[in-house]
Amino acid sequence: MLDLVYIRNKPEEVAAKLARRGFDVDFTEFLSRDAERRALMHETETLKAERNQKSSEIPLIKKQKGDLAAVTEQLRQLSDQIRDNDTRIKEMNADQQTFLAGLPNIPADDIPAGGKENNEVVSVWGEPMTVEAGMKNHVDLVESCGMIDYERGAKLSGSGFWIYRGPGAILEWALLNYFIGEHLRDGYEMMLPPHILNYECGYVGGQFPKFEDDVFQLRGQGERFQFILPTAETALTSVHAEEILKESELPKKYFAFTPCYRREAGSYRADERGMIRGHQFNKVEMFQFTRPEDSEEAFMELVGKASRLVEGLGLVHRVSRLAAGDCGAAMRKTFDIEIWIPSMQIYKEVSSVSTAGDYQARRGNIRYRQADSGKTAFCHTLNGSGLATSRVIPAIVEQCQLPDGSIRVPEVLLPWMHGIEIIHPVNPGHE
RNA sequence: GGAGAGAUGGUCGAGUUGGCUGAAGGCACCGGUCUUGAAAACCGGCGAGGAUGCAAGUCCUCCGCGGGUUCGAAUCCCGCUCUCUCCGCCA
């Protein structure tokens, strides 16, 4: 949600900034309706003041046993008028909210305009390896090593689901433990939120109403339905919705582990086989609520944390600054941490770190009280994956494969590997 | 799933014969007096959002949410949501 006052004061500036992400708006009509709305509000409030005034005289008239009929009739008309106006104002407010809710966030000034073709590589870690003769891609590797069972996953559920098994399941769990350990060490509070959320959470996060069809909806209808979370961000953002936090308790640093469920309707592409894109994947999500003046620093902290996690695994990766049009609608700036997938000769996102500024805070009414002025102000919210495993495992198995088709487990994971250092191919027909 | 109770400001908690109650009181918090400092005591302040205004201010709305009755509702009626207690069922 953008600041209405800002739009009112500098409509051209807002429109120009939104154009950087490819979003075209003209606020002319919106603002004239806003003026109309405020005029009606003003008029109605005057009527209400009059009503309150007259109304308070009634007890006196009663006491003096005066005649109430005239006043009562007058007030009845006044009330009718007020009721009509209120109905109209309510409609206008609703229209305005709908319009505002549909506007994406204003991109930060320090990111490139335009679409993903304008993304910029910020830094590269490691040397992208080429595909040597005899090297396998991750789909073949995880199957031959008995780590993932795609076929039976589809049998149990449908296309886009898989089973982690044996060493694959252990590796997955080890990754999560590794991530958790790092976040705890950095002073983040761990959370395990509900996986089924109400509509409000989707709205606050900025996913709804536009992307309602991207999630698995459960019961209810209209603005009532519950859904299975597409990312823990959707849960964490709303943790402090409708609250006024103390300035002294900011920043709040959280992380959560949840599976993420996404419909990914129509997004299948042949080059995204395997675990690159599924309807369910595991992710640890980092989140911060900060004061506005601290959010930039927090953003860099999250970027640093995400890339350090990949670095700890010894995996080739890079950091990219996304162009305005490639950032999520709720975000003003996003850096992606992308991991090298040798078989695809391409970097794939393992983490997306974003700052929403006060956009989500406005939607969720997440505020804090400024210690010096005593005023309330909106928090800033930031989030970042730390990390999503479904992209990390392909990178691990490909980047860490040995000539004989086995996989050397990254050292940082060994404490949770239950003695497995090398994952060997299983004998054919032995699955 | 069945039965009952309840939802008031940061928190606790008054307020049910509808009318200066946006809401007593306690606590917390902030400022001041006192004190070498702190505590205690005393004095004062202390909800949010909005309209208008340079400002001081004035006005409006909000007592879970949404409707209704009424000249007027935190107070009466209806619907919804959530919480708690008891019973049943169950991982």
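Labels below follow one simple rule: chain letters A, B, ... track the order of the sequence lines, proteins then strands, and each chain is numbered from 1.
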A.B. asks: Just so I know, are the side chains of A:F227 and A:L197 near enough to count as touching, which here means a heavy-atom distance under 4.5 Å?
C.D. replies: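 A:F227 reaches A:L197 side chain to side chain.
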
A.B. asks: What is the distance, rounded to the nearest whole Å, between atom CG of A:D3 and atom C1' of B:G50?
C.D. replies: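 Computing the A:D3:CG to B:G50:C1' distance gives 14 Å.
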
A.B. asks: Rounded to the Å, how far apart are A:K48 NZ and B:C71 C1'?
C.D. replies: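 Spelled out: NZ on A:K48 to C1' on B:C71 is 15 Å.
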
A.B. asks: For RNA chain B, which residues in residues 32-47 of chain A have a heavy atom at a distance below 4.0 Å?
C.D. replies: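 Heavy-atom cutoff 4.0 Å gives A:R38, A:M41, A:H42, A:E45.
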
A.B. asks: Under a 4.0 Å N-O cut-off, is there an ion pair linking A:D86 with A:K48?
C.D. replies: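 Answer for the salt bridge query: yes.
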
A.B. asks: Between the side chains of A:E73 and A:R76, is the shortest nitrogen-to-carboxylate-oxygen separation below 4.0 Å, so that they form an ion pair?
C.D. replies: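 Counted as a salt bridge, because a side-chain N and a carboxylate O are separated by less than 4.0 Å.
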
A.B. asks: Can you find a side-chain donor-acceptor pair between A:Q207 and A:D214 that sits under 3.5 Å?
C.D. replies: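 Distance-only check fails for A:Q207 and A:D214.
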
A.B. asks: Mind listing the N/O atom pairs, protein and nucleotides 54-58 of chain B, below 3.5 Å?
C.D. replies:
none

A.B. asks: Look through every strand shown and name the nucleotide pairing with B:U83 as Watson-Crick or G-U wobble, where both distances are under 3.5 Å.
C.D. replies: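 When the pairing criteria are applied, B:A5 turns out to be the nucleotide that pairs with B:U83.
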
A.B. asks: Pairing check on B:C71: which nucleotide meets the Watson-Crick or G-U wobble criteria with it, both distances under 3.5 Å?
C.D. replies: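 When the pairing criteria are applied, B:G19 turns out to be the nucleotide that pairs with B:C71.
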
A.B. asks: Can you list every side-chain hydrogen bond (donor to acceptor under 3.5 Å, both in side chains) pair that touches residues 100-111 of chain A, not counting sequence neighbours?
C.D. replies: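 Sorted result for residues 100-111 of chain A: A:K17-A:D109, A:D110-A:K333.
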
A.B. asks: Starting at the 5' end of RNA chain B and moving along, which residue's nearest nucleotide shows up first, A:E73 or A:R369?
C.D. replies: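 Whichever sits nearer the 5' end wins; that is A:R369.
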
A.B. asks: If you measure from the Lys or Arg side-chain nitrogens to the Asp or Glu carboxylate oxygens, is any gap between A:E182 and A:K305 under 4.0 Å?
C.D. replies: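 A:K305 and A:E182: not salt-bridged.
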
A.B. asks: Using 4.0 Å as the upper bound for N to carboxylate O, is an ion pair formed by A:E398 and A:K136?
C.D. replies: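 The answer is no: the pair does not qualify as a salt bridge.
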
A.B. asks: Closest approach to the side chain of A:S79, judged atom by atom: which nucleotide of B:C71, B:A48, B:C60 is it?
C.D. replies: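 Per side-chain heavy atoms of A:S79, the pick is B:C71.
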
A.B. asks: Would you call A:D34 and A:R8 a salt bridge, taking side-chain N to carboxylate O under 4.0 Å as the test?
C.D. replies: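 Looking at A:D34 and A:R8, the cut-off is met.
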
A.B. asks: Please determine whether a side-chain nitrogen of the Lys or Arg among A:E249 and A:K246 lies less than 4.0 Å from a carboxylate oxygen of the Asp or Glu.
C.D. replies: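 Looking at A:E249 and A:K246, the cut-off is not met.
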
A.B. asks: Can you identify which nucleotide, out of B:A48, B:G66, B:C71, has its nearest atom closest to the A:I244 side chain?
C.D. replies: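 My answer, after comparing the listed nucleotides, is B:A48.
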
A.B. asks: Does the structure show a Watson-Crick or G-U wobble partner for B:A41, both distances under 3.5 Å? Name it, or say none.
C.D. replies: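 Partner of B:A41: B:U33.
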
A.B. asks: side-chain contact (heavy atoms from CB on, under 4.5 Å) between A:Y178 and A:L313: does it pass, once the steps are laid out?
C.D. replies: CA-CA 10 Å; A:Y178 162 54; A:L313 292 164; 3.8 Å; yes

A.B. asks: Roughly, in whole Å, what's the span from CG in A:N93 to P in B:A51?
C.D. replies: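 Rounded to whole Å, this separation is 10 Å.
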
A.B. asks: Grab the CD1-P distance between A:I366 and B:A48 for me, whole Å please.
C.D. replies: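 Checked: the CD1 to P distance equals 18 Å.
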
A.B. asks: Taking only N/O atoms, report every protein-nucleotides 18-21 of chain B pair under 3.5 Å with atom names and distance.
C.D. replies:
{"from": "B:G19", "atom 1": "O6", "to": "A:K62", "atom 2": "NZ", "distance (Å)": "2.4"}
{"from": "B:G19", "atom 1": "N2", "to": "A:S55", "atom 2": "OG", "distance (Å)": "3.2"}

A.B. asks: Whom does B:C54 pair with, Watson-Crick or G-U wobble, provided both distances fall under 3.5 Å?
C.D. replies: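 Base-paired to nothing in any strand shown.
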
A.B. asks: Just so I know, are the side chains of A:E91 and A:R88 near enough to count as touching, which here means a heavy-atom distance under 4.5 Å?
C.D. replies: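 In short, these two side chains touch, coming nearer than 4.5 Å.
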
A.B. asks: One thing to verify: whether A:K54 and A:E50 come together as a salt bridge, which I'm taking to mean a side-chain N less than 4.0 angstrom from a carboxylate O.
C.D. replies: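 Counted as a salt bridge, because a side-chain N and a carboxylate O are separated by less than 4.0 Å.
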
A.B. asks: Please state how far atom CD in A:Q370 lies from atom P in B:C30, giving the value in whole angstrom units.
C.D. replies: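 That distance rounds to 17 Å.
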
A.B. asks: Paired with B:C63 by Watson-Crick or G-U wobble geometry, both distances under 3.5 Å: which nucleotide is it?
C.D. replies: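 Partner of B:C63: none found under 3.5 Å.
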
A.B. asks: Could you tell me whether the phosphate oxygens of B:U69, OP1 or OP2, come under 4.0 Å of any side-chain nitrogen or oxygen in A:R83?
C.D. replies: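 Looking at the OP1 and OP2 atoms of B:U69, one of them is under 4.0 Å from a side-chain N or O of A:R83.
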
A.B. asks: Just how far, in rounded Å, is C1' of B:C62 from CG of A:N52?
C.D. replies: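 After rounding, the gap between these two atoms is 14 Å.
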
A.B. asks: Could you pull out the protein-nucleic contacts involving nucleotides 73-84 of chain B (nitrogen or oxygen on both sides, under 3.5 Å)?
C.D. replies:
none

A.B. asks: Has A:R363 got its NZ or CZ under 6.0 Å from the middle of the six-membered ring of A:Y203, at an angle within 45 degrees of the ring axis?
C.D. replies: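 Verdict for A:Y203: a cation-pi partner in A:R363.
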
A.B. asks: Let me know the distance between CZ of A:R8 and C1' of B:U52, rounded to the nearest Å.
C.D. replies: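 Those two atoms, CZ and C1', are 12 Å apart.
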
A.B. asks: Using a cut-off of under 3.5 Å, enumerate the N/O to N/O pairs linking the protein to nucleotides 89-91 of chain B.
C.D. replies:
none

A.B. asks: Mapping A:L4 and A:T72 onto RNA chain B by nearest heavy atom, which one lands closer to the 5' end?
C.D. replies: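 Going by which nucleotide is closer to the 5' end, it is A:L4.
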
A.B. asks: Charged N to carboxylate O below 4.0 Å: is that the case for A:R33 and A:D95?
C.D. replies: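 Here A:R33 does not pair with A:D95 in a salt bridge, since their nearest N and O are not under 4.0 Å apart.
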
A.B. asks: Between A:T231 and A:K283, do the side chains contain a donor N or O and an acceptor N or O under 3.5 Å apart?
C.D. replies: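 A:K283 vs A:T231: donor-acceptor pair found between side chains.
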
A.B. asks: B:C29 P sits how many Å from A:Y368 OH, rounded?
C.D. replies: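 Distance, rounded to whole Å: 22 Å.
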
